[in-house]
Novice: 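First, the structure itself, so that you have it in front of you.
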Amino acid sequence: NPFVRKARMALNYKKLDYKTEWLEYPDVAPTLKSLGVPPNDPGSKFAYSIPVIRLDEKTFVMDSREIADALEKHHPSPSLRLDSPILPKVEAIIGRAMMPLAGVVMPRIPKQLLSEPSEEYFERTRAARFGMSLAQFEKEKGGDGAWEAAKPAIEEMAELLKKEGGPYFMGKTVSYADFVVVSLLQFLKRTGDDLYERMVAYDPAYSKLYEACAEWLARAD
């Protein structure tokens, strides 16, 4: 998912050695709980979520943004530029894009990306969240209507991306803001090439950003 991808891109960018521990969705909460990982805040959708990184034997960090903060603190160079005023703008805009696109993306996740145990869990928990099956959710919230609803945010983000001349939000300087967007682009690509192509068709700045960040997407294991 794009949240895991953001953390992985940050690790790759900083050239940090790491080992990936893969978990099925039903195993996330019991595994993290058994390791003593503190749960998310009470208002969160899930008590335990991914990604999580272990900094040492006793220190775990959950949530992609908190992971970025921790990596920047312990490994400040090269910088993710988390203090850039562009980052909160990108995070706000991408939220407005992702919300309507849920009807397009969510129903594809079980069959395209998940193994059987995770597939059943994902279908069941999302049906409980949305109050309907993912198939029905797609009928009601997907299709061209979802893309039309997301269009203003997608176009606004493209304009912000081009403001400093590209290919990155800060012109020739890469930052975490770029990873936020590229993680979504990669997620769309993994979920379906047609989704990625439709997204980048809004503005060539998106494909240029994706290509400029290719080296930090290369490791995915």
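Treat the numbers as computed from the prediction; the structure is a model and nothing was measured. Starting from 1, each residue takes its place in the sequence as its number.
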Novice: Please determine if Glu91 and Arg65 form a salt bridge, counting it only when a charged side-chain N lies under 4.0 Å from a carboxylate O.
Specialist: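 A salt bridge is present here (some side-chain N lies under 4.0 Å from a carboxylate O).
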Novice: Have Ser115 and Glu24 got a donor and an acceptor in their side chains that come within less than 3.5 Å?
Specialist: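 Yes - a donor-acceptor pair under 3.5 Å links their side chains.
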Novice: Applying salt bridge (Lys or Arg N to Asp or Glu O under 4.0 Å), run through Glu138 and Arg108 and close with a yes or a no.
Specialist: CA-CA 9 Å; Glu138 183 175 28; Arg108 295 199 189 191; 5.2 Å; no
Novice: State whether Asp221 and Arg219 are salt-bridged, where the test is any N-O pair (Lys NZ or Arg NE/NH1/NH2 against Asp/Glu carboxylate O) under 4.0 Å.
Specialist: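 Judged by the 4.0 Å cut-off on N to carboxylate O distance, Asp221 and Arg219 do form a salt bridge.
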Novice: Do Asn12 and Lys15 come within less than 4.5 Å of each other through their side chains, counting heavy atoms only?
Specialist: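 They are not in contact (no side-chain heavy atoms under 4.5 Å apart), so the answer is no.
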Novice: Evaluate the salt bridge (Lys or Arg N to Asp or Glu O under 4.0 Å) criterion for residues Glu120 and Arg124: first the C-alpha distance (whole Å), next the side-chain angles of each, then the deciding distance (0.1 Å), finally the verdict.
Specialist: CA-CA 6 Å; Glu120 186 280 329; Arg124 173 169 46 82; 3.0 Å; yes
Novice: What's the shortest heavy-atom distance between Pro152 and Ala149, and which atoms?
Specialist: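 In terms of heavy atoms, the two residues are closest at CD-O, 3.5 Å.
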Novice: Could you pull out the closest heavy-atom pair between Ala153 and Ile93, with the gap in Å?
Specialist: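 Heavy atoms of Ala153 and Ile93 come nearest at O-CG2, 3.2 Å.
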Novice: Would you say the side chains of Thr191 and Gln112 form a donor-acceptor pair under 3.5 Å?
Specialist: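 Note: Thr191 and Gln112 side chains miss the donor-acceptor criterion.
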Novice: Looking at side-chain heavy atoms only, is the closest gap between Asn1 and Leu113 below 4.5 Å?
Specialist: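 With C-beta onward as the side chain, the pair stays apart.
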Novice: Is it true that a side-chain atom of Ser84 and a backbone atom of Arg81 form a donor plus acceptor pair closer than 3.5 Å?
Specialist: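 Flag not set: sc Ser84 to bb Arg81 has no pair under 3.5 Å.
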Novice: CG/Leu55 to NZ/Lys73 distance, rounded to the nearest 0.5 angstrom?
Specialist: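 Answer for the CG-NZ pair, Leu55 versus Lys73, is 9.5 Å.
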Novice: Please check if the side chain of Arg129 supplies one atom and the backbone of Ala127 the other of a donor-acceptor pair under 3.5 Å.
Specialist: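 No; judged by distance alone, with no hydrogens or angles, the pair does not exist.
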Novice: Can you tell if the side chain of Val182 reaches within under 4.5 Å of the side chain of Leu209, non-hydrogen atoms only?
Specialist: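 Yes. Closest side-chain heavy atoms under 4.5 Å.
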Novice: Consider only side-chain heavy atoms of I, L, V, M, F, W and Y, link residues closer than 4.5 Å, and tell whether Val174 and Ile67 are in one cluster.
Specialist: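 No; Ile67 is not reachable from Val174 via cluster members.
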Novice: Is a donor on one side and an acceptor on the other found under 3.5 Å between the side chain of Ser77 and the backbone of Ser79?
Specialist: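 Side chain of Ser77 to backbone of Ser79, a donor-acceptor pair under 3.5 Å: no, none is there.
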Novice: Between Asp41 and Ser44, is there a donor-acceptor pair closer than 3.5 Å when you use the side chain of the first and the backbone of the second?
Specialist: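 No: the side chain of Asp41 does not pair with the backbone of Ser44.
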Novice: Working to the nearest 0.5 angstrom, can you tell me the gap between Leu82 CG and Leu71 CG?
Specialist: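 Taking CG in Leu82 and CG in Leu71, the distance rounds to 9.0 Å.
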Novice: Around Arg190, counting heavy atoms of other residues, nucleotides and ligands shown, do more than 12 lie under 6.0 Å from its CZ?
Specialist: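 Check fails, neighbour count at 12 or below.
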Novice: Answer yes or no: is there an ion pair linking Lys162 with Glu159, defined by an N-O contact shorter than 4.0 Å?
Specialist: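 Answer for the salt bridge query: yes.
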Novice: Restricting to salt bridge (Lys or Arg N to Asp or Glu O under 4.0 Å), what partner residues turn up for Lys14, sequence neighbours left out?
Specialist: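 Salt bridge (Lys or Arg N to Asp or Glu O under 4.0 Å) list for Lys14, sorted by chain: Glu72.
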Novice: Let me confirm one number: the CD1-CD distance from Ile109 to Glu119, rounded to the nearest 0.5 Å.
Specialist: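 Separation between the atoms: 11.5 Å.
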Novice: Using a strict threshold of under 4.0 Å (side-chain N to carboxylate O), is an ion pair present between Arg198 and Asp144?
Specialist: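 Judged by the 4.0 Å cut-off on N to carboxylate O distance, Asp144 and Arg198 do form a salt bridge.
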Novice: Is the charged tip of Arg126 near the ring of Phe122: under 6.0 Å from the six-membered ring centre and within 45° of its axis?
Specialist: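 The answer is yes, since Arg126 meets both limits relative to Phe122.
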Novice: For the atom pair OH (Tyr210) and CG (Leu217), what is the distance rounded to the nearest 0.5 Å?
Specialist: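 Between atom OH of Tyr210 and atom CG of Leu217 there are 5.5 Å.
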Novice: On the 0 to 90° scale, with breaks at 30° and 60°, tag the Trp216-Tyr168 ring pair as parallel, tilted or perpendicular.
Specialist: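 The rings of Trp216 and Tyr168 sit tilted, inter-plane angle from 30° to 60°.
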Novice: I'd like to know if the side chain of Ser118 and the backbone of Leu114 have a donor-acceptor N/O pair within less than 3.5 Å.
Specialist: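 Checked: no pair found.
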Novice: I'd like to know if the side chain of Ser207 and the backbone of Pro204 have a donor-acceptor N/O pair within less than 3.5 Å.
Specialist: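 Such a contact is found between Ser207 side chain and Pro204 backbone.
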Novice: Just checking, is any N or O donor in the side chain of Ser49 or Asn40 under 3.5 Å from an acceptor N or O on the other one?
Specialist: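 Yes, side-chain donor-acceptor contact under 3.5 Å.
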Novice: Under 6.0 Å from the NZ atom of Lys89, do we count more than 12 heavy atoms belonging to anything else shown?
Specialist: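 Open: at most 12 neighbouring heavy atoms sit under 6.0 Å from NZ of Lys89.
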Novice: To the nearest 0.5 Å, how far apart are CG in Leu134 and NZ in Lys141?
Specialist: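 Going from the CG atom of Leu134 to the NZ atom of Lys141 covers 14.0 Å.
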Novice: Heavy atoms only: give me the nearest Asp56-Arg54 pair and the separation to one decimal.
Specialist: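 Answer, listing the atom of Asp56 first, then Arg54: O-CG, 2.8 Å.
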Novice: Would you indicate whether the side-chain heavy atoms of Met199 and Ile154 approach each other to under 4.5 Å?
Specialist: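 Touching, per the 4.5 Å side-chain cut-off.
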Novice: Are any non-hydrogen side-chain atoms of Ser183 and Met9 less than 4.5 angstrom apart?
Specialist: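 SC-SC contact between Ser183 and Met9 confirmed.
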Novice: With a 4.5 Å cut-off on side-chain heavy atoms, are Trp147 and Leu195 touching?
Specialist: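 Side-chain contact under 4.5 Å: yes.
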Novice: Walk me through whether Tyr196 and Phe187 qualify under ring pair (Phe, Tyr, Trp, His ring centres under 6.0 Å).
Specialist: CA-CA 8 Å; Tyr196 171 82; Phe187 180 55; over 10 Å; no
Novice: Going by side-chain heavy atoms closer than 4.5 Å, which hydrophobic residues are tied to Leu32, directly or by a chain of links?
Specialist: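 Besides Leu32, the hydrophobic cluster comprises Val4, Leu23, Val28, Leu35, Val37, Tyr48, Ile50, Val52, Phe60, Met62, listed by chain and residue number.
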Novice: Could you check if a side-chain atom of Glu156 sits within less than 4.5 angstrom of a side-chain atom of Arg96, using non-hydrogen atoms only?
Specialist: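 Yes - at least one pair of side-chain heavy atoms lies under 4.5 Å apart.
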Novice: Under the side-chain contact (heavy atoms from CB on, under 4.5 Å) rule, what do Phe169 and Glu164 come out as? Steps first, then yes or no, please.
Specialist: CA-CA 7 Å; Phe169 281 101; Glu164 299 299 326; over 6 Å; no
Novice: How close do Ile86 and Ala177 get, counting heavy atoms only, and between which atoms?
Specialist: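 Looks like CG2-CB, 4.4 Å.
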Novice: Please examine the side chains of Phe179 and Leu80, heavy atoms only from C-beta on, and report whether any two atoms are closer than 4.5 Å.
Specialist: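 A side-chain contact under 4.5 Å exists here.
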Novice: Quick check on the hydrophobic clustering: are Tyr206 and Met98 connected, directly or via other members, by side-chain heavy-atom contacts under 4.5 Å?
Specialist: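 Result: yes, single cluster for both.
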Novice: Evaluate the ring planes of Tyr121 and Tyr25, with Trp represented by its six-membered ring, and classify them as parallel (under 30°), tilted (30 to 60°) or perpendicular (over 60°).
Specialist: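 Aromatic pair Tyr121/Tyr25 classed parallel.
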Novice: Could you walk me through whether Ser64 and Arg5 satisfy the side chain to side chain donor-acceptor pair (under 3.5 Å) test, starting with their C-alpha distance in whole Å, then the side-chain angles of each, then the deciding distance to 0.1 Å, before giving a yes or no?
Specialist: CA-CA 9 Å; Ser64 56; Arg5 185 72 60 178; over 6 Å; no
Novice: Can you give me the closest heavy-atom contact between Pro100 and Ala146, atom names plus distance?
Specialist: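 Taking every non-hydrogen atom into account, O-CB, 3.3 Å.
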Novice: Taking the six-membered ring for Trp and the full ring for Phe, Tyr or His, determine whether the centres of Tyr13 and Tyr176 are under 6.0 Å apart.
Specialist: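 Centroid separation for Tyr13 and Tyr176: 6.0 Å or greater.
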Novice: Could you see if Met106 belongs to whatever hydrophobic cluster contains Phe46? Use Ile, Leu, Val, Met, Phe, Trp, Tyr and a side-chain cutoff under 4.5 Å.
Specialist: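 In one cluster: yes.
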Novice: For the CG atom of Leu184 and the NZ atom of Lys189, what is their distance to the nearest 0.5 Å?
Specialist: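 So the gap between those two atoms works out to 13.0 Å.
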Novice: Hey, does the side chain of Thr31 reach the backbone of Asp27 with a donor-acceptor pair shorter than 3.5 angstrom?
Specialist: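 Yes, the answer is positive, given that a donor and an acceptor are paired below the 3.5 Å cut-off.
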